[in-house]
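Below is one structure, written out as structure tokens; comments come after it.
To find a chain, count down the sequence lines: A is the first, B the second, and so on, and within it residues start at 1. No experiment lies behind these values; they were computed from the predicted model shown.
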Amino acid sequence: MTRGLSTGIIPPMNKYPFTQIEKKWQNYWESHKTFKASENAAVPKEKRKYVLDMFPYPSSQGLHVGHPEGYTATDIYCRYLRMTGHNVLHPMGFDSFGLPAENYAIKTGTHPKATTEDNIKRFTRQIKTLGFSYDWDRQVSTHTPEYYRWTQWIFLKLYEKGLAYESETPINWCPSCKTGLANEEVKDGKCERCHTPVYRKNIRQWVLKITEYAERLLNDIDKLDWSDAIKTMQRNWIGRSEGADVTFLVAGSREPISVYTTRPDTLFGATYMVLSPEHELVDKITTADKKDAVEAYRIQASKKSDLERTDLAKEKTGVFTGAYAVNPVNDKKIPIWVADYVLISYGSGAIMAVPAHDTRDWEFAKKFNLPIIEVLQGGNVQEAAHTGEGNHVNSGFLDGLGKEDAIKKMITWLEERKIGKGTVNYKLRDWIFSRQRYWGEPIPLVHCDSCGIVPLDEKDLPLTLPDVKSYTPTGTGESPLAGIDEWVNTTCPKCGGPAKRETNTMPQWAGSCWYYLRYLDPHNDKEFASRDKIDYWMPVDLYVGGAEHAVLHLLYARFWHKVLFDIGAVNTDEPFQRLVNQGMILGEGGVKMSKSLGNVINPDDIINDFGADTMRLYEMFMGPLQVSKPWSIKGVAGVHRFLDRVWRVSERELSREQPPAELVKLLHQTIKKVSHDTANLEFNTAISQMMIFINGIFKEELLYTNLWEPFVLLLAPYAPHLGEELWEKLGHSETLAYAAWPSWDENLIKEDTAEIVVQINGKVRTKLHLPAGTVKEELEKTAFAQERIQSLLEGKTVVKTIVVPDKLVNIVVR
RNA sequence: GCGAGAGUGGUGAAAUUGGCAGACACGCUAGAUUUAGGAUCUAGUGCCAUACGGCGUAAGGGUUCAAGUCCCUUCUCUCGCACCA
């Protein structure tokens, strides 16, 4: 027996044979296909539920304790739904393209497919040992050609709609992963995956026009039943702002420069302009004598990583181009500078600087001695930028106006003269969609010398990944696919002439953008999913997963779904109606679980020592699903003790007699509480109530069937193996997975006596036990009649008395 | 800096609408049992006080008969964004 070695503590003696029980029922469910879902037309729409887990990346580390948290929550909920008469779709699959398998391939030469499929096997086994009620016949893995055929198909639709384009603009380059990254994959200027600082690099990229959907992605957030935290994050990420584009002309050359500003009303205070170092006009406008200085500055700026560029924000840098622009409102000549505090990627990459009322411009102006002109009253602009409200001054036709009016008036003025217009801007940028790596979906396009870019014909999908000799990225901006001549060289689908395949692959997010649709019809080889099945199940009723996907996966998937909606392929414009983010499970003591701290818990060990039911129950008992909470092996043992007690109770002699009224009441209270809490995903308090129930009947010698049968059904979604075993012990031959959920009788729950708290000035002085429903007058009378109350009231004046039936009497005295 | 969320015993936490703060569990204390037990059972366990009683939900203020819950100020922590013009 090696039991106990793995978790480091000796587990309680195995009083209930969880190992055998769990194996037995897992086999039963699998062989009976107990949880197979089908599209039964007789079930009305509101009784169909699609409950989805975020599918895992099958890493080589296997499952960690964070995975079962969300999976257990949805599993309990699904089992509850089935027992309450719902048709439930609950699938699982794998997000199986990704860098770790490829990096491993570079190191060892093992094909990522082999690693990935081994890991999938391991994950599947681990997930199955937890007894989740997935319909495994619907499992999908995004790396299989049967799956990515349709990922490519959707890409072609995006391309057809003009939502995919090639671009050479600078992108975030991770030198360690040797690939470009989307903005969403950069955190604090570092690669989200490997924490290497990223820098900007010009690479030919495929980009998806997510910005075209920015407004809808923003507005439709309101329709979603998601946490405010995630909704706010998405809104901030989209970052809508209203303002104006204003065109300045370069003095002399009359070259137009467009700037975006949210404060066109401060135009009279614009004392200089700034172009970002990457701005295309820099070369054109820089005067001969400044060429060297400007060029040096641009080179210096381009070498900075994003991290350096933002971290060194305290000290503004910049260089004068020698050129001047004309401020269109007053025809004043203002100098044009180049500075890296202006970003090429936002607005037009150029700004009008209003140092009096913008902190960044103020700092810059102070450093380089540029004029500061106050146009809003209320501060001392020589001392600090005044960014608050104020009436306009020094602003010609805007003088005396407040912010709102002045903005409106200025926009009208600009529009009349055709030198500007009101516009909306977004922080959201287009989604850089190609990766210079091997292990991803090939992009189904070819480059033809005579026809240009030509999409593959749908019937030629999937375009499969060829085998390569070396997985090492070239690092020059081409994927390892570029080295496979026989794959790269092809013929043009349009003209039949020689052509080259696109060698970039799709980012990992591609497959997860639509997997919830493939579950609906995973074996369909005619369509990505049949419309009937989409109509039957969509949208997803409940989606549970970690908050780390707040702006990546969840925004991308919403975008693709809207595109699919627009081409008439799906029935809803949002995929995930309700979203719940589970909290993180921390190590003992509240620190993060990490390999370096050696505090990572392997679910296999817990299952070996305590059983899957204990593992499930413990993770739900720790606290509310949505919050982070620390692991405690003592807590695991405590929950195991509870299940052990349940088992021991079940071994008592069964009695068909009517149980004592007190216990019937306890049962009905328990049914009510567990029903309510399970429906609301408040599993921790539901478990507490079941513990209270067991504590209540534990003292009895007999086990009353009338109490036990309903309780077993309540427990079953939480501890399904034990539930089935106890159900069988009660003489049932069929699974309880579809047994009717117990109902409660409100009359049996009612207490017949109420404990009434008697307070004086809000402090509890005594308690009364009176029949429930006793009228106010009677309560008040009884309260005042109490000896203790009488003595405490001596010498005091009663100001008033508040009576809450069945709750309290509060006597206010002076 | 901006945005969002959270602060309750020794620990994880609970508390429909403002109505007995701390359910349930861990840990701890004492006892029972001796069946190898770190198993099981019983009782106790917010803090101060021998007691009467008092004090307690980050701190301070407010509304109210009554506040963990509502309002204001401050502090701390977590998460997200971060020169977004």
| request: Using whole Å, report how far NZ of A:Lys763 lies from C1' of B:C52. | output: 15 Å

| Flag if over 12 foreign heavy atoms under 6.0 Å of CD, A:Glu746 | yes

| request: Please say whether the positively charged group of A:Arg648, taken as NZ for Lys or CZ for Arg, lies over the ring of A:Phe698, i.e. under 6.0 angstrom from the six-membered ring centre and within 45 degrees of the axis. | output: no

| field | Selected nucleotide, minimal atom distance to A:Tyr346 side chain, candidates B:A85, B:A82, B:A25 | value | B:A85

| said: Please encode protein proximity along nucleotides 60-71 of chain B as a string of B, S and -, counting only heavy-atom distances under 4.0 Å. | reply: -----BS-----

| field | Nearest-neighbour nucleotide for the A:Met691 side chain, B:G19, B:A82, B:A25 considered | value | B:A25

| field | Ring geometry between A:Tyr272 and A:Phe364 (parallel below 30°, tilted from 30 to 60°, perpendicular above 60°) | value | parallel

| field | Donor on one side chain, acceptor on other, A:Thr72 and A:Arg616, under 3.5 Å | value | no

| request: Rounded off to whole Å, could you give me the CG-to-P distance for the A:Leu779 and B:G19 pair? | output: 18 Å

| Passes salt bridge (Lys or Arg N to Asp or Glu O under 4.0 Å), A:Glu700 versus A:Arg652? Steps please. | CA-CA 10 Å; A:Glu700 297 289 310; A:Arg652 293 177 187 172; over 6 Å; no

| query | Within 45° of the axis and under 6.0 Å from the centre of the six-membered ring of A:Tyr341, does NZ or CZ of A:Lys316 qualify? | reply | yes

| Crowding at NZ, A:Lys592 (>12 non-hydrogen neighbours, <6.0 Å) | no

| query | According to a strict under-4.0 Å criterion, is A:Arg645 in side-chain N/O contact with OP1 or OP2 of B:A25? | reply | no

| message | Heavy atoms only, 4.0 Å cut-off, all strands: where does A:Thr801 land among base, sugar-phosphate and nothing? | response | nothing

| request: Look at the rings of A:Tyr16 and A:His640 and say which category their plane angle falls in: under 30° parallel, 30 to 60° tilted, over 60° perpendicular. | output: parallel

| Nearest-Å distance once atom C1' is located in both B:C2 and B:G22 | 37 Å

| query | Which nucleotide in the set B:A14, B:A82, B:C20 lies at the smallest distance from any side-chain heavy atom of A:Trp237? | reply | B:A82

| message | Can a donor-acceptor pair be found, under 3.5 Å and without considering hydrogens, that links the side chain of A:Asp806 to the backbone of A:Gly773? | response | yes

| remark: Quick note, A:Asp340 side chain, CB onward, closest among B:C55, B:C83, B:G12 is B:C83

| A:Thr261 side chain, from C-beta outward: closest of B:A85, B:A14, B:C55 | B:A85

| Any A:Lys187 side-chain N or O less than 4.0 Å from OP1/OP2 of B:C81 | yes

| field | RNA chain B-proximal residues of residues 421-431 of chain A, any heavy atom under 4.0 Å | value | A:Lys427, A:Arg429

| task | Could you tell me the separation between the CZ atom of A:Phe610 and the P atom of B:G38, rounded to a whole number of Å? | result | 15 Å

| query | What interatomic distance, in whole Å, is found between C1' of B:A15 and the corresponding atom of B:U69? | reply | 10 Å

| said: Give me the distance, rounded to whole Å, that separates B:G61 from B:G12 when you measure between the P atoms they each carry. | reply: 28 Å

| said: So for atom CD, which belongs to A:Glu787, do other residues, nucleotides or ligands contribute more than 12 heavy atoms lying within a distance under 6.0 Å? | reply: no

| said: Tell me the interatomic distance from A:Leu554, atom CG, to B:C79, atom P, rounded to whole angstroms. | reply: 19 Å

| request: Ignoring backbone atoms, test whether A:Arg648 places a side-chain nitrogen or oxygen under 4.0 Å from the OP1 or OP2 oxygen of B:C41. | output: yes

| request: Describe the nucleic acid contact of A:Leu343 in one word from base, sugar-phosphate, nothing, applying a heavy-atom distance below 4.0 Å. | output: base

| query | Has A:Thr232 got a side-chain N or O lying under 4.0 Å from the OP1 or OP2 atom of B:G5? | reply | no

| said: Stem finding on RNA chain B, please: runs of three or more consecutive Watson-Crick or G-U wobble pairs, both distances under 3.5 Å, sorted by first number. | reply: B:1-7 with B:75-81, B:10-12 with B:24-26, B:27-32 with B:40-45, B:46-48 with B:53-55, B:58-62 with B:70-74

| request: Determine the contact category for A:Phe698: base if any of its heavy atoms lies under 4.0 Å from a base atom, sugar-phosphate if only primed atoms, P, OP1 or OP2 are that close, otherwise nothing. | output: sugar-phosphate

| said: Mind checking if A:Ser628 touches a base, just sugar-phosphate, or nothing, with heavy atoms under 4.0 Å? | reply: sugar-phosphate

| request: Look at the side chain of A:Glu363 against the base of B:C83 and say whether a donor-acceptor pair falls under 3.5 Å; ignore hydrogens and angles. | output: no

| A:Lys634 side chain, from C-beta outward: closest of B:A15, B:G27, B:G19 | B:G27

| task | Output the single nucleotide from B:G53, B:A23, B:G12 whose closest atom is nearest the side chain of A:Arg788. | result | B:G53

| task | Remember a base hit wins even if backbone is also touched, and classify A:Asn684 as base, sugar-phosphate or nothing at under 4.0 Å, heavy atoms. | result | sugar-phosphate

| task | Kindly assign one of parallel, tilted or perpendicular to the pair A:Phe711 and A:Phe693, based on the angle between their ring planes and the thresholds 30° and 60°. | result | parallel

| Nearest-neighbour nucleotide for the A:Lys316 side chain, B:C83, B:G27, B:A14 considered | B:C83

| task | Using atom NZ of A:Lys231 as one end and atom P of B:G5 as the other, report the distance to the nearest whole Å. | result | 12 Å

| task | Could you please name the option among B:C41, B:C20, B:A39 that lies closest to any side-chain atom of A:Lys767? | result | B:C20

| request: Identify whether the glycosidic angle of B:G62 places it syn (within 90° of 0) or anti. | output: anti

| query | Does a nitrogen or oxygen in the side chain of A:Arg765 sit under 4.0 Å from OP1 or OP2 of B:C52? | reply | no

| query | B:A25 phosphate, OP1 or OP2: any side-chain N/O from A:Asn695 under 4.0 angstrom? | reply | yes

| message | Output the rounded distance in Å from CZ (A:Arg240) to C1' (B:G3). | response | 18 Å

| When all nucleic acid strands are considered with a 4.0 Å heavy-atom cut-off, which category describes A:Phe621: base, sugar-phosphate, or nothing? | base

| task | Select base, sugar-phosphate, or nothing to describe what A:Glu755 touches, counting heavy atoms under 4.0 Å on all strands. | result | base

| field | Presence of A:Arg235 side-chain N/O under 4.0 Å of B:C81 phosphate oxygens OP1/OP2 | value | no

| said: Rounded to whole Å, please give me the gap between NZ in A:Lys629 and P in B:C77. | reply: 23 Å

| query | Separation of A:Met352 atom CE from B:C83 atom C1', in whole Å? | reply | 16 Å

| message | So A:Val342, base contact, sugar-phosphate only, or nothing? Heavy-atom distance under 4.0 Å. | response | base

